[in-house]
Amino acid sequence: MTEITGTTWTVYDANAMTQAEIYGHVLAELGQTHPEIVGLTADLAKSTKIGVFGEKFPERFFNVGIAEQNLFGIAAGLAKAGLLPFVSTMAAFASMRACEQVRTDICYQNLNCKIIATHGGISFGTAGSTHNAHEDIAIMRSFPNMTVIVPADGIETANAVRACIHHPGPVYIRVGRGFEPTWYENEDYGFEIGKAVTIHEGTDITLICAGITVLQAGEAAKVLAEEGLSVRVLNMHTIKPIDQTAVMQAVLDTRRIITIEEHNVIGGLGSAVADVIAASGKGCAFEKLGLQDEFSLVGYPEDLYAHYKLDTNGIIEKVREVMGRDFEEDEEWKDEV
Amino acid sequence: MAISEQELNALKETAKTIRKDIVNVTEWAGGAHIGGALSMVEILVILYFKYMNVDPKNPDKPDRDRFILSKGHGGVGFAPVLARKGYFDFDELKSFNRFMSPFGMHLDGSKVKGVDASTGSLGHGLPMAVGLALGARLKKESWKTYCLMGDGECNEGSVWEAAMAAGHFNVTNMITFVDRNQLMIDGKTETVMGLEPFTDKWRAFGFIVKSVDGHSFEELAAAIDFAHNQNDKPVVIIANTKKGRGVDYMEDDVKWHYGSINSALSEQARNSIDKNG
Ligand SMILES: Cc1ncc(C[n+]2csc(CCOP(=O)(O)OP(=O)(O)O)c2C)c(N)n1
């Protein structure tokens, strides 16, 4: 195994490792200066890579066997005892099998517990719907006290794991499974929980993304720029609390919004953005890309991303469609936003 | 239903075929849960080729016996059994794991004929099996329900909630199997989360326990016959098996829980199966 000693991740490291591997190494590194960190998993030390922490700090690591409800209950107890639990299992099991433990034991009691959910969305595509998680964001954002982060790539995962330590209360960080290529080149781009990052400036339309779709939308924006379209791309890594200012600025500046997420279009990023826009009373052309309320097909992730139009081509197609759409202009807006 | 010499040889041949099928499908699929698929072969073969009342030409016939593969990641072992039984053409498994295939790692009952329950999330099978068995009893129907779990799977609380219910409701028209191959993903069951004394646990929950060599058709048949002939308590058959059974380089090695094989490894595996059975 590569020994990672530096504190900053380069695109080289990140492309050679999965998001989960980077998370394992960052946690192992943080463990040295934070003796309160404990790691927990449910027979997925290898698959989630929290085992990297476990190898370094075996006495601070608990593998509870295949028992996710117990996993989160024990984590709640450890948090109550003053420790800082990082709990890792697949997103489907963290959000659904242990749903009530996360809600009632962790969120209701507002415990300082960090959940790193791997194999999010359709990233484990060949496993099918028992292992896919396209409803976890909806579930997690509905829990009071919970912060929900969907990092764009391995480098942002490193940032999110470091940042969540200074962010009291429950945090859900959702990552993928495969070797997702990275958007970021290094960690120094100003990651802050709750603050969207503009990765591409534009004035015609805004793509609001999280997770693997950030890179895809960033590439789409470059292609569309050649056609003369000015596309803004927001990396909305924190889905809760959502960056309302960035959303409303996008509505004001571009009046056309597409949200793009590896999730059901019900209850996820698109819904969070729609809530902000609806509450503002402003109108705009609006479209949600994601799974259209269906259980996903079986296949390798790349094929599935293409099928659900979450890849560059799918996004470009959708942008062209939304650019051709009429909506009512309201000139009064500018002074209100 | 004692096994004749001839029947025994036929079952053994079928098991050999299924093991080679599992190897082939794993190669085609680009990876699968091969270790746990190889450990459960005799259980599936004896159920589908000796005991279960099923009709591949009429997969939904109401009086069929039901089977739930609660260790749903064994799909790569279950699908070839269904194919060889005649539910669908074996060549369809060439699409395993591929885009839009009906066959993913965890078989989807709405897409694959003969699959009575969509499983994959561990600890769901036994509760559903108890429900099916209670349903059959309530409707005074004579079909039986079979459920196969992994041993690691028995860490899940829901397994024991269902076991408690089976004991409490005295569910005797259901037979539970545990593929006791001693391994899960992160290591040995007894190292990761100890299950022993395993048979005592089942007894305490109201079961009669039959502990057998899970690769011996004779022992499996004796245990199943016993279960069919008693109405006192639910029966669990603890099938002591080897993960990766039949493929020398996979046997008892936790790293083959999930793996992919190239054509050379695939051939080596088939040769090993030919030699060892
Ligand atoms: C609820 C749930 N948690 C975790 C997993 C991931 N997982 C798949 S297989 C497996 C190990 C299963 O071990 P065991 O039941 O002993 O099966 P076998 O060794 O027979 O393959 C795990 C943890 C899952 N499928 N479902």
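All chains are named by letter (A, B, ...) in the order of the sequence lines, taking the proteins before the strands, and each is independently numbered beginning at 1. Just so it is clear, the values below take in all heavy atoms, side chains as well, and ignore hydrogens, waters and symmetry mates.
If you measure heavy-atom distances from B:N97 to chain A, the contacts under 4.5 Å come from both the backbone and the side chain. With a 4.5 angstrom heavy-atom cutoff, B:F96 does not touch chain A via any of its atoms. Proximity to chain A (any heavy atom under 4.5 Å) is restricted, for B:M193, to the side chain, taken from C-beta onward. Interface remark: A:F295 contributes no atoms to any contact with chain B (heavy atom separation under 4.5 Å). For chain A, the nearby part of B:S158 is the side chain; its heavy atoms alone come within less than 4.5 Å. Neither the backbone nor the side chain of A:E302 comes within less than 4.5 Å of any heavy atom of chain B. Of the two parts of A:N63, the backbone and the side chain both hold a non-hydrogen atom closer than 4.5 Å to a non-hydrogen atom of chain B. Using a 4.5 Å cut-off between heavy atoms, B:A29 contacts chain A through its backbone alone, with no side-chain atom that close.
With values rounded to the nearest 0.5 angstrom, A:S129 atom OG is found 7.0 Å from B:D108 atom CG.
Taking A:N70, A:T126, A:V64 one by one and counting their heavy-atom pairs under 4.5 Å with chain B, the maximum is reached by A:T126.
For the pair B:F99/A:V298, no side-chain contact is recorded, criterion being any heavy-atom separation below 4.5 Å from C-beta on. Put simply, the side chain of A:H131 does not reach to within 4.5 Å of the side chain of B:M105, judged on heavy atoms. Two residues are said to be in side-chain contact when any heavy atoms from C-beta on lie closer than 4.5 Å; B:I185 and A:L44 meet this criterion.
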Inset, instruction - I would like to know whether B:H257 and A:K46 meet side-chain contact (heavy atoms from CB on, under 4.5 Å); could you show each step before the answer? - result: CA-CA 12 Å; B:H257 171 78; A:K46 285 184 253 174; over 6 Å; no
